[in-house]
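Throughout, numbering of the chain's residues begins at 1 and tracks the sequence.
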Amino acid sequence: GQIKVTQPHCRSVAGGAGGDGAPLFSPYETSGIDLIENAIAIEQATVDAIHKSNFDERGINGDPTRQQTKSGQNGWCKRLAKQQADVLRSRGHLGTSAKYGGREKGVKSMHGLLSLETEGYDEAAVERQEGDQGEHTDQSVEALQRMADVDKPSSTMYAIQDGTRLRIKPLDGDWVTLWLKPGDLLVFRGDVCHHGMGYAGKNYRVHAYLYPPGYKPGPSSLHPCGQ
């Protein structure tokens with residue numbers, strides 16, 4: 001069933017806590033997910049800069065209700081990428097196998113994301129509805145099967161406002177709906193199935209990728225789950 005995380009209070013590697021206080025996810029090594037509450041304190045200057053950024057109105061993969069910033073080289077982006085890297089390094093997410101000779105993963109392709117209002121969208125509903133994204137992984141599952149687990153690329157979502165949500169399926173579990181609070185940082189492996197959700201009003205957040213040295217992603221970030 002659906003688990004709604006409204007007041008996360010567990011900051012273990014296992015991620016957020018369910019209503020009974022138990023970890024919502026098993027460790028990252030088995031679930032492919034790490035929810036880090038209060039990972040990076042919200043800086044109003046960063047939020048303001050994201051709100052003022054130029055968003056590509058053509059939309060992500062042709063969906064005009066989901067837009068991303070045109071440039072990933074803004075001042076806020078460089079600052080936040082460094083902050084994320086510090087947190088992720090401390091959680092072990094930048095490590096790589098001996099193949100890379102000690103070189104760590106990098107925070108890449110960071111963009112601000114904007115979801116526009118989906119008219120009539122009910123954020124409390126459990127059922128899928130218009131405005132929800134299709135289920136997908138961010139990387140090709142087939143390509144990642146040829147990589148050591150520690151080397152596999154990941155994605156991050158950083159919440160800068162209340163109500164930020166993502167529907168996600170851990171590698172070893174069932175679908176859950178995550179509700180993130182400002183300052184929360186979600187990390188999920190590139191072969192974890194998930195989908196964005198619609199919003200009753202504008203929602204701004206930040207997305208980035210963690211790539212090992214020399215990794216070349218494919219042209220699309222929408223891959224069918226399990227393929």
Side-chain angles (χ1 to χ4, degrees), residues 1-12 14-25 33-53 55 59-60 63-69 74 76-77 79-81 83-84 86-88 91 107 110-133 138 154-170 175-188 192 194-208:
Q2 186 182 52
I3 299 175
K4 181 176 177 180
V5 182
T6 54
Q7 292 184 327
H9 55 274
C10 172
R11 300 187 63 185
S12 69
D20 58 359
L24 182 57
F25 301 115
I33 302 171
D34 187 11
L35 172 57
I36 313 170
E37 285 95 358
N38 302 308
I40 302 169
I42 294 293
E43 297 179 5
Q44 192 58 45
T46 298
V47 174
D48 291 344
I50 293 171
H51 287 179
K52 295 175 182 175
S53 295
F55 286 83
I60 300 173
D63 179 359
T65 66
R66 285 184 175 81
Q67 303 176 10
Q68 68 178 11
T69 50
N74 300 301
W76 69 263
C77 187
R79 183 170 64 251
L80 186 57
Q83 292 172 320
Q84 281 202 19
D86 290 342
V87 171
L88 295 166
R91 303 281 286 201
V107 179
M110 178 176 282
H111 287 276
L113 299 185
L114 167 62
S115 284
L116 301 179
E117 173 187 355
T118 297
E119 186 175 355
Y121 192 90
D122 181 3
E123 295 187 359
V126 175
E127 299 79 14
R128 176 181 285 277
Q129 55 189 308
E130 184 178 350
D132 290 344
Q133 203 177 23
D138 283 356
S154 302
S155 297
T156 69
M157 180 183 289
Y158 175 61
I160 61 173
Q161 71 179 77
D162 281 318
T164 299
R165 297 157 23 257
L166 188 72
R167 186 92 165 138
I168 195 164
K169 186 181 185 300
W175 286 94
V176 296
T177 299
L178 293 180
W179 291 66
L180 306 182
K181 288 185 173 294
D184 289 353
L185 181 63
L186 177 67
V187 186
F188 53 99
V192 167
H194 64 283
H195 69 81
M197 304 182 74
Y199 288 91
K202 286 184 178 181
N203 178 272
Y204 293 87
R205 56 205 180 278
V206 179
H207 186 275

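The side-chain contact (heavy atoms from CB on, under 4.5 Å) test with L35 singles out one residue from V187, L180, L166, and that residue is L180.
Between the CG atom of N38 and the CD1 atom of I40 there is a distance of 11.0 Å, given to the nearest 0.5 Å. Between the CE atom in M157 and the CZ atom in F188 there is a gap of 5.5 Å [rounded to 0.5 Å]. Taking CZ from F25 and CD1 from I33, the interatomic distance works out to 4.0 Å, rounded to the nearest 0.5 Å. Separation of atoms OG1 (T164) and CG (D184) is listed at 9.0 Å; rounding is to 0.5 Å. For the atom pair SG (C77) and CD (Q84), the distance works out to 9.0 Å, reported to the nearest 0.5 Å. Between L186 atom CG and S154 atom OG the span is 10.5 Å, to the nearest 0.5 Å.
In this structure, the side chain of H111 does not engage the main chain of H207 through any donor-acceptor pair within 3.5 Å. With Y121 contributing its side chain and D132 its backbone, the two residues share no donor-acceptor pair below 3.5 Å. Under a 3.5 Å cut-off, the side chain of D162 and the backbone N or O of K181 do not form any donor-acceptor pair. With T69 contributing its side chain and G112 its backbone, the two residues share a donor-acceptor pair below 3.5 Å.
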**OP:** Applying side-chain contact (heavy atoms from CB on, under 4.5 Å), run through M110 and L80 and close with a yes or a no.
**Re:** CA-CA 9 Å; M110 178 176 282; L80 186 57; 4.1 Å; yes

Subject >> Verdict with supporting geometry, R79 and E43, side-chain contact (heavy atoms from CB on, under 4.5 Å) >> reply: CA-CA 11 Å; R79 183 170 64 251; E43 297 179 5; 3.5 Å; yes

**OP:** Give the intermediate values and the outcome of side-chain contact (heavy atoms from CB on, under 4.5 Å) for residues V87 and Y158.
**Re:** CA-CA 12 Å; V87 171; Y158 175 61; over 6 Å; no

**OP:** Quick one: do V206 and T46 satisfy side-chain contact (heavy atoms from CB on, under 4.5 Å)? Show the steps, please.
**Re:** CA-CA 11 Å; V206 179; T46 298; over 6 Å; no

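In plain terms, the two heavy atoms of G198 and T118 that are nearest each other are CA-OG1, 4.3 Å. Taking both residues in full, the closest heavy atoms of G120 and Q129 are given as O-OE1, 4.5 Å, listed atom of the first, atom of the second, then distance. Here the closest heavy-atom approach between residue E123 and residue A200 is recorded as OE2-N, 2.9 Å. Listed here is the closest heavy atom pair of Y199 and S115: CD1-CB, 3.5 Å. Closest approach of T177 to M197, counting heavy atoms only: CG2-SD, 3.7 Å. Summarising the geometry of V107 relative to A208, their closest heavy-atom pair is CG1-CB, 4.0 Å, with the distance given to 0.1 Å.
At least one side-chain heavy atom of L113 sits less than 4.5 Å from a side-chain heavy atom of I60.
In this view, D63 and T65, R66 satisfy the side chain to side chain donor-acceptor pair (under 3.5 Å) rule, not counting sequence neighbours. Applying the side chain to side chain contact (heavy atoms under 4.5 Å, CB included) test to E130 and every residue at least two apart in sequence or in another chain returns nothing.
Around the CD atom of Q44, the shell of radius 6.0 Å holds more than 12 heavy atoms that belong to other residues, nucleotides or ligands.
The pair R91-D34 counts as a salt bridge, with a side-chain nitrogen and a carboxylate oxygen less than 4.0 angstrom apart.
If you look at H195 and W175, their ring centroids are closer than 6.0 Å.
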